[in-house]
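Input: a single structure, listed below in structure tokens.
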Amino acid sequence: MQLLGTQLTNTSALAGNDVATFPDFPAEIRAPRGTRAGVSGFQVQFASEEIFTPGDQLDALVVMNPAALVTNIGDLRKGGILIANEDGFNEKEYKLAKVASDPLEAETIQESYRVFRVPMTRLTRDAVAELGLGNKEAERCKNFFAMGLVYWLFGRSLEPTQKFIRDKFAKKMPEVAKANEVALQAGWSYGETTEAFGLSYRVEAAHLEPGTYRNIMGNQAIAMGLIAASSLSGKELFYSTYPITPASDILHELTRYKNFGVRTFQAEDEIAACGAAIGAAFGGGMGVTASSGPGIALKAEAMGLGVMLELPLIVINVQRGGPSTGLPTKTEQSDLLQAMFARNGEAPMPILAPQSPGDCFHIAVEAWRIAVECMVPVMILSDGYIANGSEPWKIPDVSQYPRINVVHPEMPEGDAPFMPYERDENLARPWAIPGTPGLMHRVGGLEKEDRTGNISYDPANHQHMVNTRARKVAEIAERIPPQQVWGEPAGDILLISWGGTFGACHSAVLACRKAGLSVGHAHLRYLNPFPANLGEILHGFKTVVVAELNSGQLRMLLRAKYLVDCEGINKVQGKPFAVHELVDEIKVRAKALHADAVHQRSH
Amino acid sequence: MTLPVLKAADFASTQEVRWCPGCGDYSILAQMKKVLPDLGVPREKIVFISGIGCSSRFPYYMNTYGMHSIHGRAPTFATGLKSTRPDLMVWVITGDGDALSIGGNHFIHLLRRNLDVNIVLFNNRIYGLTKGQYSPTSVEGQVTKSTPMGAIDHPINPLSLALGAEATFVARSIDAYVTHLGETLKRAAEHKGTSLVEVYQNCNVFNDGAMAYAQEKGQRADNVIELEHGKPLIFGKDRDKGIRLIGTHLAVVSLKDTAIDDLLIHDERDPNPSLQMMLARMRHPEMPEPIGVLRAVAGVPTYDDQINHQVELAKTQRGIGDLQALVSAGETWVVP
Ligand code: SF4
């Protein structure tokens, strides 16, 4: 057990996490196993930021027998994960642990924790059967099985432990080494392939500032963010959508909050969902629609109308693996270019992307602020990884959020005709809503005459309107926060990332910097327009690397806009980045730069 | 406060009407402008939402709020608007291609939800705006630009479709029969729930006279039957023919040999749409085609009422939501 704890700790540290451990073992070297006194435990906390304690409470507890359960269960937080080796729970073990019956079945346990019974001994035996080990030896590998499962659950890499096993056992006991490796892999695969666990967890790289925290999932945070935006703007939320993985949980969440004035509409299809949201916006409501890539494709024409009508709207894309139906339950970031361009004609929309589950809340508020300020549909690009992942979230003080100012014009004095396409300093047109006397006007998808909003086929007017809609979005760059660079503000390598890969990228940069490399990290939350200072940042680095879970979509945009020869770290496997993958990629670049420098000096 | 008395002219927008001269759309526009002042709804509370097609230019010509949306989707915008603004009177203006082809799905769902809006479906049995392709209501064998050897699709009957969706108000009228059209529009406006009015509309450029049997004054009386609630089904220039239910079929009978008491009595309020469906299926030339209100069932909850009711109920039962409490809910811990 201690060996495994150390492995988990080391692996976590290698992944760029800070770790703190609490080894807890019996005083006797050979304490009677199975008894309460004989329990050997290892508590580890890992996080991507500084941590100073091994944690007061456990998020997950793995127990191999009843004694381990009863002695440690008190530390497991409510709602935490309890994984038990089912094969270690039998009459003999109950006696040793001095419990009357199976403690896993106790109501208090079933209700308070997420209990997973895994027949680890049997599964391990099956996994290593081919290797011809004795029963005892085979069973002994079950701890590595447990480890593999934990590694899967927390997205740890198996590599360091595999290497450890080889180093430690391979020479003296090659078959034991092999069996342990197989068991480790089997545990990992068990987590991966069984439905039981649902999602694996991620270790966030958020700064743990002082404050009150809760756990939050991305879809939950988006739902709350929408409600917050609604409340901050005094606009009741109309959320209209069609069921699709992995966006549906936002709908489920919002249906619970009708007492916040939330109206949810499960439309007949994706198009209707988008149309209804626009209809609500026309009436002065907060219209929001959500889907995943395939549904977003269907909404495209309606979004184009939203751009033309210049009404505020939020469109959420919880991305999944594509194309077509693709990998519905797996994560990917391959809809960025769809968000940018997949509407007929030139129909620019601002695009924001949350970087973590909790950030979904802030992004939702920000999206509505931009939508209202600019009278424009705004796209949020979340992804399956953030949507279903959770993280500790510092509960915001909502009174500190600036209000979102909504103005609906009133009936004008005098006879001057109302100009529905007159613009303010943000190039936004007035949000005049039905019910207001004197402001009756018609909107539609045909090109509008500047100011009057009447139908116009005039060539110069069309040019002007296309330019204006583009400028309206482009100028948002001046009102959003400048891009931050973490680590080196200028230097050798800049890692650029966006969306749900923040944690992995941040951890990778952290690890590289600890290794002495000159690396900066710019994580983009605003993808259209880019922050105004982004070009300058890109030009400050010798190598710019863009890490994304697609084949290079952000990279394409950056190259086109800034004429910077960005390189890509790209992955489309339906899986998030592993930190070590990123670290390796960065190191390769650092080496190349170093080699170049040496080469130049020698000339 | 007394509302200003409005006239038809008050509903005319400043935009020049651009339909072809002689198009049936003009008549529908005129009747709408005539009917609206009688409804006592201020102009700013009225919204016209249309899709795409000749008919869908309609909102531009009304001095109310309006949206000329995208093809087939007008019901979706109307749903979002009316659900959040039940105080508004919302009209959906659509055509046979718009409502029954590209927008068929939305059309059915709008009707079955019983959102309190009024649909006016301009049925000219042709695609006018795209210059003359056959539509889902074009008759079999119809030769058009896209069906040089004749249409092979079986046409959709919008009234049957609406009754199948158990719409609460289903009616038909004719562009040229202006008094009837005006009255039917008025009935539709007064109905609480989704009302559908199919209007036979002549496209004099691409499908001229396709429904002349119903539109022409001289032919109408023998080819259509005007439905009136509680009245026997009688038609004909000399009002000498009637409709009788024989077994499970409707038949045209002569009043010379059938007593009026034996004729079918129209019941627009019957919640069971079966007889109304039989009427809807009467097609020229075998049968006279019904015009007027086929179905008007009152008291069915509307979607907009219910979606708003649930919100009000939740507010009363649970109190108006507190945002800070919402974000702070669940298990929390303090990081010092
Ligand atoms: S094409 Fe036909 S329906 Fe369209 S405006 Fe002309 S006459 Fe009317």
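Numbered from 1 within each chain, the chains take letters A, B, ... in sequence-line order.
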Using non-hydrogen atoms only, which part of [X] is less than 4.5 Å away from chain B: side chain, backbone, both, or neither?
X	answer
A:Ile216	neither
A:Thr264	backbone
A:Ala302	both

Atom of B:Leu326, atom of A:Phe260 and distance for their closest heavy-atom approach:
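Taking every non-hydrogen atom into account, CB-CZ, 3.7 Å.
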Looking only at heavy atoms, which two atoms of A:Glu301 and B:His71 are closest? And how far apart?
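So the two residues come closest at OE2-N, 4.2 Å.
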Classify the angle between the aromatic ring planes of A:His441 and B:Tyr65 as parallel (below 30°), tilted (30 to 60°) or perpendicular (above 60°).
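Taking B:Tyr65 first and then A:His441, their aromatic rings stand perpendicular (interplane angle over 60°).
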Determine yes or no for a side-chain-to-main-chain donor-acceptor pair under 3.5 angstrom, with [X] supplying the side chain and [Y] the backbone.
X	Y	value
B:Arg85	A:Gly283	yes
A:Arg214	B:Val327	yes
A:Arg263	B:Asn308	no
A:Arg442	B:Thr64	yes
B:Tyr60	A:Asn454	no

Let me know if [X] has heavy atoms under 4.5 Å from chain A in its side chain, its backbone, both or neither.
X	answer
B:Arg112	neither
B:Asp87	neither
B:Gln324	both
B:Leu88	side chain

Side-chain touch B:Thr84/A:Glu236, heavy atoms, less than 4.5 angstrom
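No, side chains not in contact.
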